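Data block below; observations after.
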Amino acid sequence: MNRNSIVKVQTSWQQVVDAAPGAGKLFYTNLFAADPSLRALFRGDIDQQAMKLMQMINAAVGMLNDTPRLIPILQQLSRRHVSYQVKDSHYQTVGEALIKTLSQGLGAAFTPDVKAAWLEVYGVMVSVMLDEAHASA
């Protein structure tokens with residue numbers, strides 16, 4: 001991840017947090033619209049899950065400048081996702097739902113450069129998570 005992408009992701013994420021308090025719920029609406037079968041992977045209260053998602057993204061975005069701390073957290077998250085029966089293909093759907101949610105939350109501020117930065121950062125995170133999932137399988 002390059003520094004410019006990290007700054008764009010961190011800046012735009014703060015805008016989402018400030019402007020779209022329902023972004024977590026919106027994400028899950030987008031995710032389940034893209035693939036209704038994923039709803040079965042979530043057994044608990046989706047509102048609580050939305051809050052956890054926002055906290056997790058907030059923490060990860062905050063650690064983008066500290067990959068030695070971030071990578072083990074992503075690896076642990078990946079192992080939990082394996083136990084939840086998350087498949088490799090789900091990461092693509094999640095990424096698409098995330099990008100759609102960011103676009104909805106940021107509106108005109110979701111420029112092509114911001115989108116490219118999010119795609120880069122998400123791609124790196126998914127790569128770490130998939131490597132761990134395959135290693136622990």
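Residue numbers start at 1 and run along the sequence shown. Only this structure's heavy atoms are used, side chains among them; waters, hydrogens and symmetry mates stay out. Please read all numbers here as calculations on a predicted model, not as lab measurements.
When all heavy atoms are compared, the tightest approach of Ser78 to Ala133 is OG-N, 3.3 Å. Closest non-hydrogen pair, Val82 versus Ser136, comes out as CG2-OG, 4.4 Å. Considering every non-hydrogen atom in both Ala40 and Arg43, the closest pair reads O-CG, 4.4 Å.
When the shell of 6.0 Å around CZ of Arg39 is examined, it contains more than 12 heavy atoms from other residues, nucleotides or ligands.
Checking side-chain atoms of Tyr122 against main-chain N and O of Gly95 turns up a donor-acceptor pair under 3.5 Å. Side-chain atoms of Thr101 come within 3.5 Å of backbone atoms of Ala97 as a donor-acceptor pair (strictly under, hydrogens ignored). Checking side-chain atoms of His81 against main-chain N and O of Leu77 turns up a donor-acceptor pair under 3.5 Å.
At least one side-chain heavy atom of Asn30 sits less than 4.5 Å from a side-chain heavy atom of Gln104. At least one side-chain heavy atom of His90 sits under 4.5 Å from a side-chain heavy atom of Leu41.
Put simply, Met56 and Leu38 are part of the same group of oily side chains (I, L, V, M, F, W, Y) that touch within less than 4.5 Å, one to the next.
The line from CG of Asp66 to CD1 of Ile73 is 8.5 Å long, rounded to the nearest 0.5 Å. Between Ile6 atom CD1 and Leu64 atom CG the span is 5.5 Å, to the nearest 0.5 Å.
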Before you tell me yes or no, could you show the steps for Tyr28 and Phe42 under ring pair (Phe, Tyr, Trp, His ring centres under 6.0 Å), namely the whole-Å CA-CA distance, both residues' side-chain angles and the distance that decides it to 0.1 Å? CA-CA 10 Å; Tyr28 284 107; Phe42 297 89; 5.2 Å; yes

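Between the side chains of Gln14 and Gln10, not a single donor N or O lies within less than 3.5 Å of an accepting N or O.
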